[in-house]
Amino acid sequence: MAIRKSNKLSQTAVLKQILKRCSSLGKKHGYQDEQGLPMDVPRGHFVVYVGENRTRYIVPISILSRPEFRILLQRAEEEFGFDHEMGLTIPCDEDFFESLTSSMLR
């Protein structure tokens with residue numbers, strides 16, 4: 001019996017692609033500084049859009065290691081995929097997202 005490699009990327013590879021795509025979105029829209037970072041996003045953070053209104057949140061990269069956030073990323077991939085121009089969109093209620101992230105960052 002042969003072992004087949006999965007076509008799916010590892011979660012680490014997917015997260016790296018997400019972060020690269022998020023940083024490249026700014027270049028397309030012209031709001032990058034000379035270091036290639038959005039001017040309003042501090043180093044070590046990234047932007048996500050949450051809820052029906054697509055409210056923009058700036059969150060620390062360290063949150064990517066949390067299992068709760070990875071579940072949200074899986075839901076985002078299932079619902080929206082990661083290959084679109086809007087940026088990383090999280091499919092959940094804003095109040096839930098704020099509650100969840102505040103408990104993760106304590």
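We number each residue from 1, following the sequence as shown. When reading the values below, keep in mind they use all heavy atoms of this one structure, side chains included, and skip hydrogens, waters and symmetry mates.
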For this session: Give a yes or no answer on whether the side chain of Arg70 reaches the backbone of Leu64 with a donor-acceptor pair at less than 3.5 Å.
Result: yes

Exercise. Got Ile90 and Leu73 here, is their nearest side-chain heavy-atom distance under 4.5 Å?
Worked result: yes

Exercise. Is there side-chain contact between His45 and Ile61, with heavy atoms separated by less than 4.5 Å?
Worked result: no

Problem set entry | Any residue meeting side-chain contact (heavy atoms from CB on, under 4.5 Å) with Pro91, in chain and number order, not counting sequence neighbours | Arg75, Ala76, Glu79, Phe80

For this session: State, with a plain yes or no, whether a side-chain heavy atom of Val47 is found less than 4.5 Å away from one of Val59.
Result: no

For this session: Would you check if Leu88 and Tyr49 make a side-chain contact, meaning some heavy-atom pair closer than 4.5 Å?
Result: no

For this session: Quick one: list whatever passes side-chain contact (heavy atoms from CB on, under 4.5 Å) with Asn53, sequence neighbours left out.
Result: Thr55, Glu94

For this session: Kindly indicate, with the supporting measurements, whether the criterion side-chain contact (heavy atoms from CB on, under 4.5 Å) is fulfilled by Val48 and Phe97.
Result: CA-CA 11 Å; Val48 295; Phe97 182 80; 3.6 Å; yes

Exercise. Taking the side chain as C-beta and beyond, is there a heavy-atom pair between Asp40 and Arg56 under 4.5 Å?
Worked result: yes

Seminar exercise, completed: So CG of Leu100 and CG of Asp93: to nearest 0.5 Å the spacing works out to 11.5 Å

Exercise. With no hydrogens and no angle check, is any side-chain donor or acceptor of Ser99 less than 3.5 Å from a backbone partner on Asp95?
Worked result: no

For this session: Please assess Thr101 against Phe96 for the test side-chain contact (heavy atoms from CB on, under 4.5 Å), listing each intermediate value before the final yes or no.
Result: CA-CA 9 Å; Thr101 53; Phe96 173 78; over 6 Å; no

